[in-house]
Number of protein chains: 2
Amino acid sequence: MFDHDPENATERPPMPTASAARIAADLRAAIEQGVYADQDRLPPERQLADHFGASRGTVREALRRLEDTNMVVRKVGSGTFVRYRAGELEGDIAKATSPIELIDVRFGIEPQMVRLATVNANGHDIENLDHALQRVCAARDPETFTDADEAFHLALADCTRNPLMKCLYSQLNEVRGHSQWSKMKDKILDAARISEYNRQHRKLFDAIAARDSNAAVEHIVRHLKTAKDHLLGATEELL
Amino acid sequence: MFDHDPENATERPPMPTASAARIAADLRAAIEQGVYADQDRLPPERQLADHFGASRGTVREALRRLEDTNMVVRKVGSGTFVRYRAGELEGDIAKATSPIELIDVRFGIEPQMVRLATVNANGHDIENLDHALQRVCAARDPETFTDADEAFHLALADCTRNPLMKCLYSQLNEVRGHSQWSKMKDKILDAARISEYNRQHRKLFDAIAARDSNAAVEHIVRHLKTAKDHLLGATEELL
DNA sequence: GGGATTTGGTCTAGATTTGGTCCGATCGAC
DNA sequence: GTCGATCGGACCAAATCTAGACCAAATCCC
């Protein structure tokens with residue numbers, strides 16, 4: 001577990017020696033690797049001090065850093081307990097995200113994205129968005145529509161001219177493609193709904209092209225509400 | 001890496017082995033190749049001097065050059081620490097994102113995050129958030145505050161119980177840590193502003209704990225507006 | 001219940017480590 | 001010789017680490 005070796009200090013010259021920092025790093029690694037699970041109690045400070053060959057004060061300094069990052073909770077008379085929910089960010093984020101959770105996140109990002117797009121898009125961006133709109137409007141089957149819809153929303157992200165927004169949204173879009181949503185889309189997407197979505201897409205585009213920020217936000221919110229309603233409807237059908 | 005050979009020094013009269021330039025180059029290469037990671041502490045100057053077979057003054061000259069190129073930071077009584085963002089994925093996005101763009105994205109995500117947190121957090125989550133709040137409220141200097149603030153917002157993301165939200169926000173938070181914001185924080189964060197932020201943090205927590213979604217959203221929006229105002233103010237000062 | 005033990009919280013005094021600074025000496029190159 | 005780089009010290013101030021003590025809360029054990 002703690003393969004700390006005091007002799008390392010005299011080993012190769014380029015060995016980063018540091019007491020509190022190194023102890024904190026070792027403990028952090030142990031926790032992240034699951035040596036200590038969530039809610040587990042760490043060894044007492046005095047025992048850790050002995051193990052690391054450091055004084056108790058140094059160990060306490062290391063533990064204080066772990067506590068500052070909410071990784072650990074210390075209780076007088078009881079001990080130091082791990083507070084780390086391992087495995088929640090592990091693996092494929094797409095598999096860990098449900099369609100309804102995806103919509104919840106989209107409700108946060110997309111209105112602001114549309115607002116920024118309305119303000120920041122230049123003529124070239126609008127052209128690209130228009131092009132994407134033509135494609136999605138031409139789609140008739142669920143498969144084509146899903147792809148084109150994804151491209152449309154990515155073009156929308158481009159319109160914000162905000163690198164961080166583009167980065168985050170492209171990740172969200174990937175989850176969207178891989179998520180369980182895609183298994184439901186055949187249930188959700190019929191011709192009527194596709195054309196409904198496309199009417200909303202067009203209104204959204206018109207608002208952005210007209211630089212009408214409020215209208216654009218209103219349309220994207222309505223779009224998301226529609227999608228959520230369809231999703232919940234489909235969920236009920238699955239029950 | 002450090003293939004210095006003392007015997008060569010006595011063999012050849014011209015000894016390019018021990019010059020400040022060469023030592024600086026070696027250390028730079030070691031850092032770039034990951035021998036020393038970001039935030040790691042380099043060996044002490046005296047130890048480096050011994051290792052390179054050079055005097056401490058020469059090593060200091062080499063370190064001075066690394067410091068001039070912002071590769072390391074030196075702290076009296078503590079050591080020399082690596083500051084080098086090994087071009088990670090978010091490293092690029094962090095460099096491409098301005099503080100104001102970061103705020104723009106936060107304006108989208110955080111209100112929704114708070115809304116979801118208010119609805120989805122369980123007692124354990126609230127406890128964690130409370131713990132993080134105590135930490136951030138206890139912070140007095142910009143350095144501690146920044147770390148604790150980051151932990152608080154991550155705990156907030158945990159409260160949503162939404163894996164996608166947590167994933168996206170943790171990325172946003174990394175950009176926040178690496179972004180040019182960190183260079184401005186000393187200009188922005190004085191004691192008065194820190195306590196102002198903390199008042200907002202507390203109100204936000206109280207609203208979430210009381211499951212008052214609207215109040216929580218209102219507080220986070222006010223918080224972001226305050227941050228944006230301070231940012232724009234600091235920007236003006238820089239002009 | 002009650003005392004003993006364990007555990008984290010706090011404090012202190014002193015030793016150690018570490019970068020910052022200064023000085024004079026040495027050596028090679030121009 | 002002069003100049004620049006290096007060397008080998010010495011000393012300083014800041015940060016850190018150590019070692020020990022005592023406390024209060026929690027827990028254990030009889």
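Chain A is the first sequence line, chain B the second, and so forth, proteins listed ahead of strands; every chain is numbered from 1.
Mapping B/Gly77 and A/Lys75 onto DNA chain D via the closest heavy atom, the residue that lands nearer the 5' end is B/Gly77. With the nearest nucleotide of DNA chain D identified for both B/Ala21 and B/Val76, B/Ala21 has the one nearer the 5' end.
A close approach under 4.0 Å does occur between a side-chain nitrogen or oxygen of A/Thr80 and OP1 or OP2 of C/dG8. OP1 or OP2 of C/dT7 has not a single side-chain nitrogen or oxygen of A/Arg74 nearer than 4.0 Å. Taking only side-chain nitrogens and oxygens, A/Ser78 comes nearer than 4.0 Å to OP1 or OP2 of D/dT27. Applying the 4.0 Å criterion to OP1 and OP2 of D/dT16, one finds that A/Ser19 has every side-chain N and O outside that range. Look at B/Arg56 and you won't find any side-chain N or O under 4.0 angstrom from OP1 or OP2 of C/dT18.
The separation between A/Arg46 atom CZ and D/dT18 atom P is 16 Å, rounded to whole Å. If you measure from atom CZ of B/Arg60 to atom P of C/dT21, you get 7 Å, rounded to the nearest angstrom. Distance, A/Glu45 CD to D/dA19 P: 16 Å, rounded to whole Å. Here C/dT7 presents its C1' atom at 12 Å from CG of A/Leu48, a figure rounded to the nearest Å. Computed from coordinates, the B/Gln47 CD to C/dG19 P distance equals 10 Å when rounded to whole Å. Put simply, CZ on B/Arg22 is 17 Å from C1' on D/dA5, counting in whole angstrom units. The interatomic distance linking B/Leu63 (CG) with C/dT18 (P) rounds to 13 Å, in whole Å. Regarding A/Asp50, its CG atom lies at a distance of 14 Å from the C1' atom of D/dT18, rounded to whole Å.
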Item to complete: Decide yes or no on side-chain contact (heavy atoms from CB on, under 4.5 Å) for B/Asp147 and A/Asp68, but give the supporting numbers first.
Response: CA-CA 8 Å; B/Asp147 290 347; A/Asp68 283 345; 6.0 Å; no
Worksheet item: Which is it for B/Arg64 and B/Glu61 under the salt bridge (charged side-chain N to carboxylate O under 4.0 Å, His left out) test, yes or no, and what are the steps along the way?
Response: CA-CA 5 Å; B/Arg64 189 172 299 117; B/Glu61 170 60 26; 2.7 Å; yes
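B/Arg64 comes within 4.0 angstrom of no nucleic acid atom, judged by non-hydrogen atoms across all strands. B/Gly57 comes within contact range of no nucleotide atom at all, as no heavy-atom separation falls under 4.0 Å.
Of the candidates B/Val35, B/Leu27, B/Leu42, B/Leu42 is the only one forming a side-chain contact (heavy atoms from CB on, under 4.5 Å) with B/Val82.
The side chain of B/Ala54 has D/dC7 as its nearest neighbour among D/dT6, D/dC7, D/dC17.
Note on ring orientation: taking the six-membered ring where Trp is involved, the planes of B/Phe145 and B/Tyr197 are parallel (angle under 30°, cut-offs 30° and 60°).
Residues B/Gln171 and A/Gln171 bring a donor and an acceptor atom of their side chains to less than 3.5 Å of each other.
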